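Keep in mind it's a predicted model, so treat the numbers as computed, not measured.
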Amino acid sequence: MKYLRKIFIIVFFLCFKNFLTGQINYFENNSIYLADAKYNGYMKLFPNIEIQKDTTHKWIKRKLFEENFISINDSIAKICINPFFNLSIGVDNGHQTQINFTNTRGITLLAQIGKNLYLSSEFYENQAFLPEYYNLLIDSVKFLPGNNWVKEYRERGIDYGLAMGRIQWQATDWMSLETGFNKINLGNGYRNLILSYDARPYPYLHMVFNYKKKIFLGNVTGIAYHNDQIIDNFKDNLKNIFSVNYLTFYPLDILSISLIDLTIFHPANGYLRFSPYTFIFVPELRPLLLRNKPSWSLPGCAINIELPNNKIYYECTFNVDDVISKNFKQNFAYQLGICSNINLSDTASLLNIRVEYNSVGEHAMDNKYSTTYPTHLCQPLGMWQGENFNELILQLNFLKNNNLLQIFTSYQNIKPSEINIANKLGSINSIYTSIAYTYLINKIAGFGAFVELSDRIALSNDFYGKNTVSFKCGIKYLFTDKSLNRWHL
């Protein structure tokens, strides 16, 4: 079967140490992760599978409101399996009387075998009628960012599927190995500069080494995909090997400093190029060694400060390929943010706030090889849009018992760059705001019923210049972000 090779799901891994507090931590808009997550270095292991308490309720009531759909817990393994649904219906003023809907069905599996082996798998099938401006985005790039290629569904809909999996092995106290078919998020931000949720899933190998939990060295090597519907000016193979290194040091318990580099290798004679430089694990050294080689490297650094219930994070990259531009500001990209969990007098409540600013220079990701360009919209390893990008994000999540209120707003200013072959949308200058309320029917499985109101103000947009107000409601599982709510152009 064609999905047998996609039996692993990667774990979210952080370049900086991260910890969760409270009953549930709402890290992403419309995504939640359970507390008590285990960590080894920057490889975030799965959350502990919660052991359900015995009750006298009937089977149907327990499965709907209190438990995972299937759960096994013994001395050898912990396994939980849940269906996945995102069924919603709504309207927007762009489509007048036409109805929008999302119909996502799937299944997720999470397992821990013994103390050192973790694995997960998930599969989703989707059909959707989306707001008009979202359809124009997909028509422009021939792809659903952060998800997969799409095909037409009826008159104005899209149809797409997604299968991901991963396996992780805690080999020793100082080494962990992970492999799978998914996408990796590097850092603490809603957006990310080098690796992010916004890419298409890819096969990869991830290795993490640590010394006394104070120094961590990691490497992620995978295969990047190009979109031949967007990039049609070269004949080389449409796949590249990419490799990311990170080296993090903890001078203080609350402070971590990281060096990072991303390298994309140019295909050799139309075939994937496995370069020995892939396995040089020391960040910043590889970009120097590869200056005159058929590849492109992007070095960077990160600083993370963790205070009680507050996390301040900073990440930056600098394009060392001066063939395009020698202007420091144009080659520089950075991210600055703070995420706070606010303690309330009511212990049954949790308030989480995020403020984040992203700025990417006009040539921060350019290079002279079209095949190593990192921001093709089918494979945006980091910032999906690439150059000339500025964004301010404000995010608030409030949980009280089973009631979840989420407020999200972002201001985006994207300007076209002549060399940015990935930008098919032109200038984007808009403000997006959404307010969503979810009642968690089953907090263990993350299943709830929701209503959401969103407003998009187009200050100056080339690809869609109308203001949009939309409303939708439905039922969904919140544990996985399926990308539709990450794109607020």
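- In summary, the side chains of N358 and Y190 do not present any donor paired with an acceptor at a separation below 3.5 Å, with no hydrogens or angles considered.
- Put simply, the side chain of N402 gets close to the backbone of L440: a donor and an acceptor are under 3.5 Å apart.
- Aromatic ring pairs are classed by plane angle as parallel below 30°, tilted from 30° to 60° and perpendicular above 60°; the pair F84 and Y124 is perpendicular.
- Of all the heavy atoms in I431 and Y411, the pair that sits closest is CG1-CD1, 3.7 Å.
- Geometric assessment of K476 against the ring of F450 yields a positive cation-pi assignment under the 6.0 Å and 45° thresholds.
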Going through the checks in order, is the side-chain hydrogen bond (donor to acceptor under 3.5 Å, both in side chains) test met by S243 and N219?
CA-CA 7 Å; S243 181; N219 174 271; 3.1 Å; yes
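- Side-chain contact check for N126 and T104: at least one donor-acceptor pair (N or O, by modelled atom type) lies under 3.5 Å.
- Side-chain contact, N413 with N390: no donor N or O sits under 3.5 Å from an acceptor N or O.
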From CA spacing to verdict: side-chain hydrogen bond (donor to acceptor under 3.5 Å, both in side chains), D261, Y246
CA-CA 7 Å; D261 77 54; Y246 58 93; over 6 Å; no
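- Using modelled atom types, no side-chain atom of K311 and backbone atom of N341 make a donor-acceptor pair closer than 3.5 Å.
- One N or O on the side chain of Y202 and one on the backbone of I184 form a donor-acceptor pair closer than 3.5 Å.
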Please determine whether side-chain contact (heavy atoms from CB on, under 4.5 Å) holds for the pair L459 and I457, giving the CA-CA distance in whole Å, both sets of side-chain angles, and the decisive distance to 0.1 Å.
CA-CA 6 Å; L459 302 177; I457 302 175; 3.9 Å; yes
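- Between the side chains of N429 and S427, no donor-acceptor pair is found at a separation under 3.5 Å.
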Going through the checks in order, is the side-chain contact (heavy atoms from CB on, under 4.5 Å) test met by L392 and S410?
CA-CA 5 Å; L392 177 64; S410 69; over 6 Å; no
With salt bridge (charged side-chain N to carboxylate O under 4.0 Å, His left out) as the criterion, how do E356 and R191 come out once you've worked through the C-alpha distance, each side chain's angles and the decisive distance to 0.1 Å?
CA-CA 9 Å; E356 178 178 303; R191 307 290 187 196; 6.0 Å; no
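- In this structure, CG on L336 lies 11.5 Å from CD on E315, to the nearest 0.5 angstrom.
- L262 pairs with exactly one of I194, L193, V220 by the side chain to side chain contact (heavy atoms under 4.5 Å, CB included) rule, that one being I194.
- Aromatic rings from F328 and F318 are positioned such that their centres are separated by under 6.0 Å.
- Panel note: side chain T179, backbone Y204; a donor-acceptor pair is recorded below 3.5 Å.
- Between the side chains of Q98 and N100, no donor N or O sits under 3.5 Å from an acceptor N or O.
- Looking at I223, T263, L195 one by one, the single match for side chain to side chain contact (heavy atoms under 4.5 Å, CB included) with F242 turns out to be L195.
- In this structure, I475 CD1 and T438 OG1 are separated by 12.0 Å, a value rounded to the nearest 0.5 Å.
- A search for side chain to side chain contact (heavy atoms under 4.5 Å, CB included) contacts involving L285 returns I280, V282, L289, not counting sequence neighbours.
- Closest approach of I260 to E284, counting heavy atoms only: O-OE2, 3.2 Å.
- Between F216 and Y250, the ring planes lie perpendicular to each other; the angle is over 60°, past the 30° to 60° tilted range.
- Here the straight-line distance linking atom CD1 of I254 with atom CD1 of I305 works out to 7.0 Å at 0.5 Å rounding.
- R154 places no side-chain N or O within 3.5 Å of a backbone atom of F129 that could act as its donor or acceptor partner.
- Every residue meeting the salt bridge (charged side-chain N to carboxylate O under 4.0 Å, His left out) condition with K400, not counting sequence neighbours, appears here in chain and number order: D346.
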Show the numbers, then the answer: is there a side-chain contact (heavy atoms from CB on, under 4.5 Å) between C316 and F332?
CA-CA 7 Å; C316 68; F332 187 67; 3.7 Å; yes
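- N403 and Y437 form a side-chain donor-acceptor contact under 3.5 Å, judged by distance and modelled atom types alone.
- Using modelled atom types, one finds no donor on one side chain facing an acceptor on the other under 3.5 Å when comparing S470 with R456.
- A donor-acceptor contact closer than 3.5 angstrom links the side chains of S258 and T248.
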Report the C-alpha distance between N397 and L351 in whole Å, list the side-chain angles of each, state the deciding distance to 0.1 Å, and finish with yes or no for side-chain contact (heavy atoms from CB on, under 4.5 Å).
CA-CA 6 Å; N397 303 291; L351 177 62; over 6 Å; no
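- Ring geometry, F101 versus Y153: the interplanar angle exceeds 60°, so the pair is classed perpendicular (tilted spans 30 to 60°).
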Working for side-chain hydrogen bond (donor to acceptor under 3.5 Å, both in side chains), residues D455 and T433:
CA-CA 5 Å; D455 177 42; T433 302; 5.7 Å; no
